[in-house]
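To start, the structure itself, in structure tokens.
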Amino acid sequence: MSIQLSEQEVLRRQKLEELNKLGINAYPAEEFKVNASAEDIKENYERDKINYKNISLAGRVMSIRDMGKAAFAVIQDATSRIQIYVRKDDIAPNEDKSLYDVVWKKLIDIGDIIGVQGFVFTTKTGEISIHVTNFKLLSKALKPLPIVKTDEDGNSYDEVSDPEFRFRQRYVDLIINPHVRDTFRKRTRIFNSIREILNDNGLLEVETPILQSIPGGATARPFITHHNALNMPLYLRIANELYLKRLIVGGFDGVYEFAKDFRNEGMDRTHNPEFTMLEFYVAYKDYNWMMNFTERMLEKVVTDLYSTTEVTVGDKTIDFKAPFKRVTIYQAIKEHTGIDISNMDEAQLRDVCKQLNIHAEASMGKGKLIDEIFSAKCEGLYIQPTFITDYPVEMSPLTKKHRNNADLVERFELMINGKEIANAYSELNDPLDQRERFEEQVKLQERGDDEAMFIDHDFLRALEYGMPPTAGIGIGMDRLTMLLTNNVSIQEVLFFPQMKPEALNSAKEA
RNA sequence: GAUUCCGUAGCUCAGCAGGUAGAGCAUUACACUUUUAAUGUAAGGGUCCUGGGUUCGAAUCCCAGCGGGAUCACCA
């Protein structure tokens with residue numbers, strides 16, 4: 001690495017040498033015992049002052065206001081930020097004032113991680129602060145931290161807004177933008193909340209293969225990799241559905257997995273090549289049960305997160321109070337286009353597409369055409385949580401046929417804020433029907449549909465041993481998180497969204 | 001993949017009828033022992049994304065590339 005160092009970087013390296021000369025290890029090994037957090041102090045000091053006379057706290061220096069023989073600084077720990085007050089005569093009570101004049105004033109920078117000991121007090125201006133009696137450098141920062149200042153009205157100045165900077169150096173983004181940390185905490189709370197509900201209902205959390213020899217369970221282009229020892233291609237999973245259903249065959253009544261899935265498709269603000277999908281399957285249930293369960297689950301997730309069922313998303317308020325509205329896909333299309341397509345064949349559907357100005361590929365079958373019409377004319381209109389049900393059989397090769405209509409399947413998608421959040425069905429467990437559906441998919445492949453499914457013979461074999469009637473669902477966790485944290489970009493809810501490599505890696509290390 | 005906008009100091013940005021760069025914060029020095037976007041005075045800091053071209057002269061104009069955003073296509 002022969003990167004030109006900036007003035008500030010050179011300076012900080014010099015300070016590091018100074019520290020070494022003074023016998024101060026800028027990266028000490030020993031534990032620094034902490035007995036308070038910034039949040040704890042700010043929340044509890046006022047009514048419990050007795051317990052804040054001897055506190056120890058560690059964090060990153062976020063700002064310094066030097067007043068001559070005393071200084072104020074702001075320390076950020078994992079919970080929050082708190083002001084510290086460092087007075088020369090307090091940290092250096094004897095003749096030797098170098099701890100203040102040299103170490104504190106000259107060698108500590110914004111961005112450094114320090115530990116402080118002292119007592120809590122309230123300043124003249126009413127800010128709860130730590131009066132420092134001793135401090136210790138815990139880690140010296142060699143790069144200058146971008147400074148975001150916030151005034152008393154909450155306006156930010158010089159906020160780092162460049163998405164490239166923020167996503168490539170997420171660690172910096174997390175340090176300086178508290179709302180980013182908040183988003184990721186919420187993401188984890190959403191996952192925990194769901195995990196709790198599923199566990200409470202007796203489902204077993206499982207892990208299934210990411211490397212698969214037949215990518216199944218969804219229609220999407222997979223990533224291909226190669227196993228050297230076996231000398232064979234392997235695919236990164238596009239879904240884990242077929243494996244979870246094998247486990248239902250194996251006798252588990254309920255299984256779930258938060259699965260990283262991979263799809264080799266375009267990237268935009270709702271698509272990352274790797275993303276997280278929750279899938280779960282429950283034996284002896286059907287899609288009606290799953291709708292009931294899903295709406296209760298989401299209501300609880302939102303309540304756990306916000307203590308209310310309402311969530312603000314952009315300029316809208318979305319209410320997750322169960323039950324959610326339910327409407328069949330044919331009803332939805334009829335309602336929003338005035339056209340009843342329930343008895344149409346492929347040719348008639350093509351005419352409808354033409355009439356509605358919807359682009360229809362020659363390779364599209366009946367199911368895909370209906371899906372196009374719904375996507376173009378209906379999907380965006382469902383802002384409040386709505387189950388769209390009873391899809392045509394052609395676009396649902398893993399779904400059980402509808403109990404009352406052989407042209408339909410027992411499937412629903414949950415639409416929220418105009419987007420699909422979940423996809424679920426009464427799982428097809430008739431092995432002969434499943435084989436026929438796979439064969440239909442092969443025909444679609446032959447027509448040029450490069451996303452149609454492969455036949456998974458082992459999965460068929462599993463079904464032939466008998467799978468109980470089962471309800472299953474897939475929920476796009478990234479998109480659910482986007483929705484519940486009011487973010488429009490998937491990059492905002494992934495710590496490390498996919499990016500093209502920086503020149504940093506290729507050029508300078510070679 | 002297509003269209004479009006963007007890439008100037010550590011950060012946020014200005015500079016563009018072409019004359020080799022500015023501001024605020026950050027940094028450095030000095031002053032200030034309860035400040036809070038602390039303040040005052042002074043100073044330093046830039047392969048203007050990269051590579052070509054036009055020109056006496058390019059951060060500025062043209063071409064190509066790299067990276068990012070937005071919209072569209074594909075999809076979750």
Side-chain angles (χ1 to χ4, degrees), chain A residues 3-12 14-15 62-74 81 83-91 100 105-106 109-111 121-127 129 131 141-169 172 176 218-221 238-239 261-278 359 361 371-372 375 413 419-423 449-451 474-480 482 488-491 497 499-504 506-507:
Chain A
I3 302 174
Q4 188 94 41
L5 293 177
S6 72
E7 183 192 32
Q8 294 192 45
E9 288 172 310
V10 170
L11 216 102
R12 287 183 178 222
Q14 287 169 358
K15 291 180 180 184
M62 299 305 288
S63 71
I64 299 174
R65 291 181 290 280
D66 191 344
M67 309 289 297
K69 295 186 180 63
F72 292 92
V74 173
R81 296 180 182 180
Q83 178 170 272
I84 64 170
Y85 177 58
V86 183
R87 197 158 67 174
K88 185 173 184 171
D89 293 336
D90 290 330
I91 64 163
Y100 186 85
K105 281 189 83 165
K106 307 279 185 195
D109 287 305
I110 289 171
F121 75 113
T122 306
T123 65
K124 262 196 231 167
T125 51
E127 179 146 347
S129 311
H131 191 129
L142 296 182
K143 280 190 169 295
L145 193 64
I147 299 303
V148 182
K149 295 204 171 189
T150 309
D151 68 17
E152 54 189 11
D153 297 324
N155 302 310
S156 290
Y157 300 82
D158 300 339
E159 187 162 356
V160 177
S161 52
D162 176 13
E164 183 168 5
F165 185 106
R166 291 185 45 233
F167 301 150
R168 284 196 196 284
Q169 300 188 54
V172 178
I176 63 182
T219 52
R221 268 183 293 272
I238 55 175
D261 290 341
F262 306 83
R263 299 190 183 175
N264 203 341
E265 286 158 353
M267 290 166 57
D268 59 31
R269 71 178 203 272
T270 55
H271 298 264
N272 195 66
E274 60 180 286
F275 62 102
T276 304
M277 177 102 91
L278 164 68
H359 180 69
E361 298 274 351
D371 190 39
E372 287 294 312
S375 302
E413 290 190 359
K419 297 186 184 72
E420 180 199 330
I421 291 294
N423 179 21
D449 185 344
D450 57 356
E451 292 179 351
I475 298 176
M477 291 304 299
D478 309 298
R479 290 185 179 179
L480 181 64
M482 287 163 64
V488 294
S489 166
I490 198 168
Q491 298 170 111
M499 297 233 124
K500 289 199 184 181
E502 260 179 299
L504 198 65
S506 48

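Note on naming: letters A, B, ... go to the chains in the order of the sequence lines (proteins, then strands), and numbering restarts at 1 for each one. Since the model is a prediction, treat every value here as computed from it, not as a measurement.
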A21(B) to C66(B) separation - P atoms, rounded to the nearest Å: 31 Å
Is there a Watson-Crick or G-U wobble partner for G1(B) with both distances under 3.5 Å, and which nucleotide is it? C72(B)
Determine, for D158(A) against K149(A), whether the closest basic-nitrogen to carboxylate-oxygen distance falls under 4.0 angstrom. no
For S6(A) and E9(A), does a side-chain donor sit closer than 3.5 Å to a side-chain acceptor? yes
When you measure from the side chain of T123(A) to the backbone N and O of E127(A), does any donor-acceptor pair fall under 3.5 Å? yes
If each of E7(A) and T123(A) is mapped to the nucleotide of RNA chain B with the nearest heavy atom, which maps nearer the 5' terminus, i.e. the 5' end? T123(A)
Is a donor-acceptor pair below 3.5 Å formed from side chain E152(A) to base A37(B), judging by atom type as modelled? no
Please state the C1' separation for the pair G67(B) and U50(B) - nearest whole angstrom. 11 Å
Given the P atoms of A58(B) and G52(B), what is the spacing between them in whole Å? 13 Å
Between G68(B) (P) and N272(A) (CG): distance, integer Å: 12 Å
Taking atom types as they are modelled, would you say the side chain of D158(A) forms a donor-acceptor pair with the base of G24(B) within the 3.5 Å cutoff? yes
Taking atom types as they are modelled, is there a donor-acceptor pair under 3.5 Å from the base of U35(B) to the side chain of Q83(A)? yes
Can you check whether Y157(A) stacks with the A37(B) base, using ring centres under 5.5 Å and planes within 30°? yes
